[in-house]
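A short write-up of the structure that comes next.
In what follows, every chain begins at residue 1, and chains take the letters A, B, ... in the order their sequences are listed.
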Amino acid sequence: MLSLPYIRDNKELVIKGLAVRNFKNADTLIESVLESDRKRRAIQAELDNILSDSNKISKEIGKLFKSGEVQKANIAKEKTGLLKEKSKNLSDNLGEVEQELNELLYQIPNIPHALVPAGSNEEDNEIVFSEGDIPTLHEKATPHWDLCKKYDIIDFELGNKITGAGFPVYKGKGAKLQRALVAYFLDKNSAAGYTEVQPPLLINEASGFGTGQLPDKEGQMYHVGVDNLYLIPTAEVPVTNFYRDVLLKESDFPICNTAYTPCFRREAGSYGSHVRGLNRLHQFDKVEIVRVEHPDKSYEAMEGMVEHIKGILQELKLPYRILRLCGGDLGFTSALTYDFEVFSTAQDRWLEISSVSNFETFQANRLKLRFKNKDGKSQLAHTLNGSSLALPRVLAGLLENYQTEEGIKIPEVLQAYTGFDLID
RNA sequence: GGAGAAAUGGCAGAGUGGUCGAAUGCACUAGUCUUGAAAACUAGCGAGGGUCACACCUCCGGGGGUUCGAAUCCCUCUUUCUCCGCCA
């Protein structure tokens, strides 16, 4: 959520930024926010004065009782009774206005970075980089869902039976390849300075709120009603929430974590080839990188994350490209996002395998994630995250691009992890 | 799951109805001393709101209540610890 002082001081910038997202009625919304804020401060000031008076009289009463002047004390008590009633009304009022203000603030997405192109949907995303050769496949090459069946490495039907659509069962070399990828990604991330962590897979409401899944987006998460907990949609949620209600020192930066977790998404999916096989799942594995940075360093850090992921894809020898998301496709909480896509030859389409975002202070504001700056003042930190990498589509890309008539080859860097070099 | 105890500033730890936003120690920051460092000494040192800046207000796990007045009393939730039970 945007911070109020920022909106107050940068009204025009905020409205302009929202326009890049095609956000409608931005100026009316911002105006109501500012109006609500004015109201809030006026009530607060009035309440503070009444409480101040009341505090003073209470102290008097204490003194009077001590010196035995009971009558005078009782007269003073009557005064505070009146003040009490007033302050009760005012604080109720304040509560209402604060809630109203918050509800308005929740509606405002993050302000896009200057690099974000205007645009309404994915067609307007900018391709900023591409690399790797698209392989020429043999004549009988097929999409991964057929390969999974042929080599019996991923069983979608068994998953249907056990749970439902979108919950595949990995078998034999498929399971081993999956485990190899997780280990390989974690090792790469560790080598790049990320601290490996294993967070809980269920989160409470406060955590969901901290990273912006709540309120409003609870439909995307599985909810365990009896305990009021949510299954994580990404490791970003628990790991970023490590730093909820935290006041850092400048010397704590940079903070770099990496976590492997299963991810759970309800997202009511459509049907058809776009969501077939591994393309979209309710449960999937992902290795995430999460950073907390000084605001002056966060874009440098983001650049580093992008380079890091490029390195992994180069080692895997997968053809990929990088997109800069346009305003219309940018996530609610993000200021700048780069998507990585791998080309799947057998499906003849690009598959999103990573998304690297800088949230600037948008999450930090909700998280109350701050640091003491050089002036000794508390300042909001920047949060960033990215997939490094999401498993199913990387797997899909590997299976499809590495298929030969003899079987599916394993990229060299993975062979030490799998212990085999061919799935046949 | 049952019984009991507890939750206070970055940490440890006093405080059980009236100058308590809170003693003390450690940590931290600045200074003195020193060739430098350490030690010692001196000073500062929680967070949020509000203000040009003060003033002022709020916060002692969360929420609610009693009272003129709550860190302190009551209710409730959460978490932690000890003992018992169960268990990978």
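- Taking atom C1' on both nucleotides, B/rC77 is separated from B/rC11 by 27 Å, rounded to a whole Å.
- By the 4.0 Å N-to-carboxylate-O rule, A/Glu35 lies close enough to A/Arg38 to be salt-bridged with it.
- Listed by chain and number, the residues in a side chain to side chain donor-acceptor pair (under 3.5 Å) with A/Lys310 are A/Glu307 (sequence neighbours excluded).
- Between A/Thr80 and A/Gly62, the residue anchored nearer the 5' end of RNA chain B, judged by the nucleotide with its closest heavy atom, is A/Gly62.
- Side-chain atoms of A/Lys286 and A/Thr234 form a donor-acceptor pair, as typed in the model, at a separation below 3.5 Å.
- Residue pairs meeting the side-chain hydrogen bond (donor to acceptor under 3.5 Å, both in side chains) criterion with at least one member in residues 45-63 of chain A: none, sequence neighbours excluded.
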Distances for protein N or O near nucleotides 45-47 of chain B N or O, under 3.5 Å:
| residue | atom | partner | partner atom | Å |
| --- | --- | --- | --- | --- |
| B/rA47 | OP1 | A/Lys372 | NZ | 2.1 |
| B/rA47 | O3' | A/Arg370 | NH1 | 3.4 |

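- Taking the C1' atoms as reference points, B/rG85 lies 7 Å from B/rG1, given to the whole Å.
- Annotation: proximity of residues 47-58 of chain A to RNA chain B (heavy atom, distance under 4.0 Å) is found for A/Asp48, A/Leu51, A/Ser52, A/Asn55, A/Ser58, numbered in ascending order.
- Qualifying ring-ring contact (aromatic ring centres under 6.0 Å, His included) partners for A/Tyr170, counting only residues two or more places apart in sequence or in other chains: none.
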### Task
Verify side-chain contact (heavy atoms from CB on, under 4.5 Å) between A/Asn93 and A/Ser91, making sure each step is shown before the conclusion.
CA-CA 5 Å; A/Asn93 212 231; A/Ser91 77; over 6 Å; no

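- Here A/Tyr184 pairs with A/Glu315 under the side chain to side chain donor-acceptor pair (under 3.5 Å) rule; sequence neighbours left out.
- Among the protein residues, A/Arg38 comes within range of no part of the nucleic acid, since none of its heavy atoms lies under 4.0 Å from any strand.
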Shorter than 3.5 Å, N or O on both sides, protein versus nucleotides 71-74 of chain B: list them out with atom names.
none

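- Straight-line distance from the CD1 atom of A/Ile75 to the C1' atom of B/rG69: 18 Å, rounded to whole Å.
- The distance between atom CG of A/Asp227 and atom P of B/rU79, rounded to the nearest whole Å, is 10 Å.
- Between B/rC74 and B/rA88, the distance separating the two P atoms is 41 Å to the nearest Å.
- With C1' as the reference atom, B/rU76 and B/rA22 are 26 Å apart, rounded to whole Å.
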### Task
Determine which bases of RNA chain B form Watson-Crick or G-U wobble pairs with both distances under 3.5 Å, and write the result as a 5' to 3' dot-bracket string with | for other-strand partners.
((((((((.[[[..)..(.....]]].(((((.......))))).((((......)))).[[[[[..)....]]]]])))))))....

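- For the residue pair A/Glu100/A/Ser36, the side-chain donor-acceptor check at 3.5 Å is satisfied.
- Across the protein-nucleic acid pair, A/Glu98 atom CD and B/rU58 atom P stand 14 Å apart, rounded to whole Å.
- Using atom C1' as the reference point in both B/rC60 and B/rA12, the two lie 16 Å apart (nearest Å).
- Looking at residues two or more places apart in sequence or on another chain, you find a ring-ring contact (aromatic ring centres under 6.0 Å, His included) between A/Tyr230 and A/His223.
- A cation-pi arrangement is present between A/Lys173 and A/Phe420 under the rule of less than 6.0 angstrom and at most 45 degrees off the ring axis.
- In this structure, A/Gln71 atom CD and B/rC68 atom P are separated by 17 Å, rounded to whole Å.
- As rounded to the nearest Å, B/rG15 and B/rG61 have P atoms that lie 15 Å from one another.
- Side-chain atoms of A/Tyr260 and A/Asp285 form a donor-acceptor pair, as typed in the model, at a separation below 3.5 Å.
- A close approach under 4.0 Å does occur between a side-chain nitrogen or oxygen of A/Lys84 and OP1 or OP2 of B/rG69.
- Counting only residues at least two apart or in different chains, side-chain hydrogen bond (donor to acceptor under 3.5 Å, both in side chains) contacts with residues 364-373 of chain A comprise A/Asn373-A/Gln379.
- Between A/Lys63 and A/Gln44, it is A/Lys63 whose nearest contact on RNA chain B lies nearer the 5' terminus.
- Atom CD of A/Glu205 and atom C1' of B/rG62 are 13 Å apart (whole Å).
- Atom pair A/Lys77:NZ and B/rG18:C1' shows a separation of 13 Å (rounding to whole Å applied).
- To the nearest angstrom, P of B/rC28 lies 14 Å from CG of A/Asp252.
- Nucleotides B/rU72 and B/rA14 have their C1' atoms positioned 13 Å apart, rounded to a whole Å.
- Look at CZ on A/Phe371: it is 18 Å from P on B/rG10, rounded to the nearest Å.
- Evaluation of the ring-ring contact (aromatic ring centres under 6.0 Å, His included) rule for A/Tyr6 yields no partner, not counting sequence neighbours.
- Residues A/Ser298 and A/Glu300 bring no donor and acceptor atom of their side chains to less than 3.5 Å of each other.
- Among residue pairs with one or both ends in residues 408-424 of chain A, those qualifying as side-chain hydrogen bond (donor to acceptor under 3.5 Å, both in side chains) are A/Asp187-A/Tyr417; sequence neighbours excluded.
- B/rC57 and B/rG69 have their P atoms separated by 15 Å, with the value rounded to a whole Å.
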